[in-house]
Amino acid sequence: MTDPCRVRFAPSPTGDLHVGGARTALYNWLFARHHDGVYFLRIEDTDVERSTAEAADAIVKSLQWLGLEWDEGPYRQAERLALYREYAERLLDAGKAYPCVCTPEELEERRKAAMAAGRSPRYDGRCRDRHSKPEKPWALRLKVQEVGMTVVKDLIHGEVRFDNAELDDFILVRSDGLPTYNFAVVVDDALMHVTHVIRGDDHLSNTPKQVQVYRALDFPLPEFAHVPMILGPDRTRLSKRHGATSVLAYRDLGYLPEALVNYLVRLGWSHGDQEIFSRDELVHYFDLARVGHTPAVFDQAKLDWLNGHYLRGADPKRLADLLVAFWLKAEVPADEIEAAAARWSSLGSARTFGEAVVQTFGERSKTLWELAQASRFLFRVAIDYDVRAREKCLRPETQRHLRDVSTRIRSVIRFDAATLEKLYRDFVAERGLKLGDVAQPTRVALTGRTVSPPLFHVMELLGREICLKRLEAMWQQKND
RNA sequence: GGCCCCAUCGUCUAGCCCGGCCUAGGACGCCGCCCUCUCAAGGCGGAAACGCGGGUUCGAAUCCCGCUGGGGCCA
């Protein structure tokens with residue numbers, strides 16, 4: 001019986017959780033669940049300049065929304081500073097690290113000089129033989145192994161070799177007493193018994209440095225797995241320039257968490273030709289060995305397709321609950337939403353108004369936001385008419401049709417889709433018209449547009465009163 | 001600049017590790033047709049890729065080298 005694996009997601013709270021980070025979290029989570037291991041969250045907030053509590057909060061919210069619950073934590077590096085100090089002290093005592101009194105300004109100057117002379121801008125090691133703590137402010141540098149190679153065994157990339165001569169004595173603890181990323185991450189991963197470090201490709205180049213820290217501290221090495229990054233459509237690192245990139249932004253745009261998860265997991269991982277995966281299937285099939293090597297471009301069109309797929313399959317009740325917030329955002333007054341719902345329920349339908357809307361508009365929408373906008377005309381709000389379509393409705397002949405059909409609508413007993421459809425079909429049959437001759441103008445009068453969900457369902461949703469009012473406005477309109 | 005990673009349709013990818021089954025498969029998107037009260041959804045069909053150059057081999061998308069291109073890290 002081997003010990004269970006332990007993995008972590010360790011974001012810096014310097015901004016919203018973007019889709020790249022979310023995928024890293026997802027892969028960690030799936031790996032842990034697949035292997036019955038432990039997945040935990042660690043907030044890397046030692047960079048006090050850039051870290052904020054709001055960002056940490058947004059990350060936690062994002063992860064919760066995606067359903068990536070953690071078993072431990074969140075741990076916070078800011079609360080563990082004493083630990084880093086303790087291990088720094090050990091390295092200093094053991095002579096494996098040394099105090100450096102070079103100031104950032106001096107280093108910058110030397111760096112420039114080196115560049116100008118065509119040399120690489122590495123630290124020149126001038127404080128290397130210093131042992132005692134100086135009076136002046138100092139930073140702690142690791143005395144790195146200068147010869148040989150550091151080989152990183154990566155579960156995705158295989159063995160990656162780095163020449164130790166390329167490494168310089170990098171800083172472990174800054175002069176302000178705060179640990180650098182490469183130091184804190186090693187101390188934490190080792191102390192927290194992380195068995196598999198699964199993170200973005202951008203950290204692969206940092207790994208040989210971290211390996212040196214593991215060795216200096218006599219910590220056992222974890223396994224590493226560096227997953228390729230997610231790029232924008234222009235093939236550069238994803239950033240705000242690319243529009244929506246944060247998990248919360250997608251939530252607010254009306255995407256479903258299961259759609260985003262499904263999209264993200266397939267970006268860089270595959271299981272044959274399968275595109276749609278349930279949560280259980282993902283846990284069952286997920287395997288780091290099947291994670292690709294190539295950076296992936298984020299394609300919103302495919303996310304849209306997946307979201308549409310999940311929207312169609314989702315429980316109408318759940319969607320209806322979520323929809324309200326999007327209607328409000330589409331500037332539908334709250335009391336209009338209530339009025340429509342009350343009117344609907346007085347009709348005695350088994351479904352609620354929201355559920356009925358979801359069922360007729362859902363399969364035509366990619367997102368809840370789209371659904372809310374497309375169904376906006378169901379309320380007593382100002383409708384923006386398609387100008388050209390409206391002009392066609394104002395032809396005398398068409399206005400007559402609308403007027404005559406209105407008369408029948410007014411007197412029909414049951415106001416439901418089936419009855420209305422029969423009414424329209426009888427009407428056009430009697431007059432030798434095609435259904436579209438009357439249905440299309442009706443659609444325009446009621447919705448403002450030439451496209452909508454099936455007309456008779458729309459009418460049922462709208463209710464007799466609003467239908468007659470909008471129809472009347474259309475056939476009474478003077479065509480000047 | 002140095003180092004590291006990567007390279008199959010526009011995009012995500014299967015195939016590559018263990019060469020022949022690949023006249024390169026699937027999905028999104030796109031185009032066409034069917035269904036149809038419009039639009040979706042669904043069904044059917046189509047256009048669309050092994051970056052380039054050298055090897056190795058009877059045979060390479062698959063192995064090796066170089067180039068080119070892209071990305072990242074260092075500061």
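Protein chains get the first letters and strands the later ones, always in sequence-line order, with residue 1 at the start of each. The figures here come from the full heavy-atom set of this structure, side chains too, leaving out hydrogens, waters and symmetry mates.
Taking CH2 of A/Trp327 as the reference point, atom CG of A/Leu368 lies at 10.5 Å (rounded to 0.5 Å).
Residues A/Ser375 and A/Val357 share a closest heavy-atom pair of CB-CG1, 3.9 Å.
In this structure, A/Arg449 reaches neither bases nor backbone, as no heavy-atom distance under 4.0 Å exists between it and the strands shown. Within the nucleic acid shown, A/Arg235 comes within 4.0 Å of sugar-phosphate atoms alone, with no base atom in reach, counting heavy atoms only. A/Gly308 comes within 4.0 angstrom of no nucleic acid atom, judged by non-hydrogen atoms across all strands.
The phosphate of B/G15 (OP1 or OP2) has a side-chain N or O of A/Arg290 nearer than 4.0 angstrom. One finds no side-chain N or O of A/His293 lying less than 4.0 angstrom from the OP1 or OP2 phosphate oxygen of B/C5.
For the C1' atom pair drawn from B/C18 and B/A60, the interatomic distance equals 14 Å after rounding to whole Å. Across B/A61 and B/C21, the matching P atoms stand 9 Å from one another, rounded to whole Å. With P as the reference atom, B/G29 and B/G43 are 12 Å apart, rounded to whole Å. Taking atom C1' on both B/A48 and B/A27, the two are 14 Å apart, rounded to the nearest angstrom. Spacing between B/C58 and B/A7 at atom P, rounded to whole Å, works out to 28 Å. Taking atom C1' in both B/G54 and B/C12, one finds a spacing of 32 Å when rounded to whole Å. Atom name C1', nucleotides B/C63 and B/U23: the rounded distance is 24 Å, in whole Å. With C1' as the reference atom, B/C34 and B/G19 are 44 Å apart, rounded to whole Å.
Ring orientation note: the planes of A/Phe31 and A/His35 are tilted relative to one another, at an angle of 30° to 60°. Note: A/Phe353 and A/Phe379 have perpendicular aromatic rings, judged against thresholds of 30 and 60 degrees for the angle between ring planes.
Between the side chain of A/Arg364 and the backbone N or O of A/Thr360, at least one donor-acceptor pair lies under 3.5 Å.
Between the C1' atom of B/U13 and the CD1 atom of A/Ile230 lies a distance of 14 Å, rounded to the nearest Å. The distance between atom CG of A/Leu231 and atom P of B/C5, rounded to the nearest whole Å, is 18 Å. Put simply, CG on A/Leu238 is 19 Å from P on B/G70, counting in whole angstrom units. With rounding to whole Å, A/Trp269 atom CH2 is found 12 Å from B/U13 atom P. Rounded to whole angstrom, the span from the CZ atom of A/Arg237 across to the C1' atom of B/C6 amounts to 15 Å. Across the protein-nucleic acid pair, A/Phe298 atom CZ and B/C28 atom P stand 17 Å apart, rounded to whole Å. One interatomic measurement links the two molecules: NE2 of A/His203 to C1' of B/C3, which rounds to 17 Å at whole-angstrom precision. Across the protein-nucleic acid pair, A/Glu166 atom CD and B/G1 atom C1' stand 12 Å apart, rounded to whole Å.
In terms of polar N and O atoms assigned as donor or acceptor, the side chain of A/Asp201 never comes within less than 3.5 Å of the base of B/G72 in a complementary pairing. A donor and an acceptor atom sit less than 3.5 Å apart, one in the side chain of A/Glu275 and one in the base of B/G26.
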Which nucleotides of nucleotides 34-48 of chain B have their base under 4.0 Å from a protein heavy atom (B), which only their sugar-phosphate (S), and which neither (-), written as one string 5' to 3'? ---BBBBSS------
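Every pair passing ring-ring contact (aromatic ring centres under 6.0 Å, His included) that includes a residue from residues 146-172 of chain A is listed here, sequence neighbours excluded: A/His157-A/His293.
Shown here, B/C22 forms no base pair; nothing in the strands shown gives a Watson-Crick or G-U wobble contact with both key distances under 3.5 Å. Pairing for B/C30 is with B/G46, a Watson-Crick or G-U wobble pair whose two hydrogen-bonding atom distances lie under 3.5 Å. B/G1 and B/C74 make up a base pair, with Watson-Crick or G-U wobble contacts both under 3.5 Å. Remark: B/G51 base-pairs with B/C67. Criterion, Watson-Crick or G-U wobble with two distances under 3.5 Å.
Ring to ring, A/Trp29 and A/Phe9 are not that close: their centroids are 6.0 angstrom or more apart. Residues A/His271 and A/Tyr285 bring their aromatic ring centres within 6.0 Å. The six-membered or imidazole ring of A/Phe298 lies away from that of A/His18, with a centre-to-centre distance of 6.0 Å or more.
If A/Ile156 and A/Asp163 are placed on RNA chain B by their nearest nucleotide, the residue sitting closer to the 5' end is A/Asp163. Take the nearest nucleotide of RNA chain B for A/Asp202 and for A/Phe162: the residue whose nucleotide is more 5' is A/Phe162.
Among the nucleotides B/A14, B/C5, B/A7, the one closest to the side chain of A/Val160 is B/C5.
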